[in-house]
Amino acid sequence: MKKLLVGIFAAGAISSCSVGDDTLPMPDNSGNNNNTNIVGVWKIQTQYQISGTNKETVITEKVPDDCKKQGTYEFKNDGKYYMADYNNVDSVCKKTEATTPYEYNPAHMKLTIGSNVADVLELSSSKLVILVATNEDYNGDGIKDYDKTVFYK
């Protein structure tokens, strides 16, 4: 289940060196998702485990392996999110697919996929960075930590 949630939120955080893409989309209050930079196909660049103490300290950093690099995470104009996530399971690259509704609220920088909510830390036409609370204490300090994912188009 955790891999599915990570896959769902892997639709998160993409980086690029382009100039002029750093503006945030303006809300249109229509309930449509088609006016935002979120629409499109994203791939995972990097995943981090972040300390819950300050939401900044990196516990671990993970770059996708060749299997994970095959994954795509697509936000469509009609409010549907399509995930094709790949993970190594017993040395075999396995695909998991899911389609679920999503909503992006640019005014509050919140991305909701199904019933899961992420903070959007950064969004441009080529980069998406999300932060998701977990039920895990990765560093053993007694405080639940976060997963941060950087996506790119």
Side-chain angles (χ1 to χ4, degrees), residues 1-17 21-22 24-25 27 33 36-76 78-153:
M1 182 64 170
K2 182 179 174 187
K3 286 184 182 180
L4 179 63
L5 291 178
V6 169
I8 286 174
F9 278 106
I14 300 183
S15 70
S16 153
C17 295
D21 289 342
D22 297 331
L24 294 174
N33 292 300
T36 68
N37 287 324
I38 199 106
V39 173
V41 178
W42 299 90
K43 294 180 94 42
I44 295 176
Q45 177 178 318
T46 313
Q47 293 175 297
Y48 303 91
Q49 292 176 339
I50 304 293
S51 173
T53 302
N54 61 11
K55 294 186 182 179
E56 292 179 7
T57 303
V58 175
I59 300 167
T60 62
E61 176 180 347
K62 185 177 181 182
V63 177
D65 60 18
D66 288 339
C67 176
K68 190 75 171 171
K69 286 179 183 178
Q70 296 178 62
T72 58
Y73 312 89
E74 181 176 9
F75 295 95
K76 297 185 178 186
D78 64 0
K80 298 281 189 208
Y81 168 71
Y82 174 71
M83 174 194 78
D85 190 46
Y86 289 79
N87 291 289
N88 275 312
V89 179
D90 297 326
S91 299
V92 176
C93 187
K94 299 218 177 190
K95 181 180 182 181
T96 303
E97 295 179 279
T99 301
T100 189
Y102 82 91
E103 183 178 325
Y104 174 61
N105 182 327
H108 294 102
M109 300 291 288
K110 298 285 185 189
L111 175 61
T112 304
I113 301 175
S115 61
N116 301 294
V117 179
D119 291 324
V120 176
L121 303 179
E122 183 177 346
L123 176 62
S124 71
S125 62
S126 60
K127 183 177 184 177
L128 169 64
V129 181
I130 61 170
L131 185 69
V132 180
T134 70
N135 287 322
E136 304 291 329
D137 179 12
Y138 300 124
N139 58 357
D141 65 357
I143 298 171
K144 291 182 181 175
D145 297 313
Y146 291 80
D147 287 328
K148 178 178 173 182
T149 305
V150 178
F151 296 89
Y152 70 95
K153 279 187 190 174

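Counting begins at 1 with the first residue of the sequence.
Distance check: Ile44 CD1 to Lys62 NZ gives 9.0 Å after rounding to the nearest 0.5 Å. Expressed to the nearest 0.5 Å, how far CD of Glu61 lies from CD of Gln47 amounts to 10.5 Å. Put simply, CG on Asp65 and SG on Cys93 are 7.5 Å apart, with the number rounded to the nearest 0.5 Å. Taking OG from Ser126 and CG from Asn37, the interatomic distance works out to 8.5 Å, rounded to the nearest 0.5 Å. The line from CD1 of Ile38 to OG of Ser125 is 12.0 Å long, rounded to the nearest 0.5 Å. Atom OG1 in Thr72 sits 8.5 Å away from atom CD in Glu97 (nearest 0.5 Å).
Using a 4.5 Å cut-off on side-chain heavy atoms (C-beta onward), Lys148 and Val129 make contact.
Take Asn135 and apply the side chain to side chain contact (heavy atoms under 4.5 Å, CB included) test, not counting sequence neighbours, and it matches Lys144. Under the rule for a salt bridge (charged side-chain N to carboxylate O under 4.0 Å, His left out), the partners of Lys110 that lie at least two apart in sequence or sit in another chain are Asp119. In this view, Asp137 and Asn139, Asp141, Asp145 satisfy the side chain to side chain contact (heavy atoms under 4.5 Å, CB included) rule, not counting sequence neighbours.
Using a 3.5 Å distance cut-off with no hydrogens or angles, the side chains of Glu103 and Thr112 do not pair a donor with an acceptor. Residues Gln49 and Tyr146 have side chains that never bring a donor and an acceptor to within less than 3.5 angstrom of each other. A donor-acceptor contact under 3.5 angstrom links the side chains of Asp147 and Tyr138, judged on distance only.
Screening Asp85, Ile113, Val41 against Tyr73 for a side-chain contact (heavy atoms from CB on, under 4.5 Å) leaves a single residue, Asp85.
Remark: side-chain polar atoms of Lys43 are paired, donor with acceptor, to backbone N or O of Gly71 under 3.5 angstrom. With hydrogens and angles ignored, the 3.5 Å screen pairs a side-chain donor or acceptor of Asn54 with a backbone N or O of Thr57.
Ring-centre distance between Tyr102 and Phe75: below the 6.0 Å cut-off.
Nearest heavy atom pair, residue Leu131 against residue Lys55, reads CD2-CD, 4.1 Å. The nearest pair of heavy atoms linking Val39 to Lys153 is O-NZ, 2.6 Å. Heavy-atom minimum distance, Cys67 versus Lys94: SG-N, 4.3 Å. The shortest non-hydrogen separation linking Gln45 to Pro64 is O-CD, 3.0 Å.
Under a cutoff of 6.0 Å and an axis angle of 45°, Lys68 and Tyr86 do not form a cation-pi pair.
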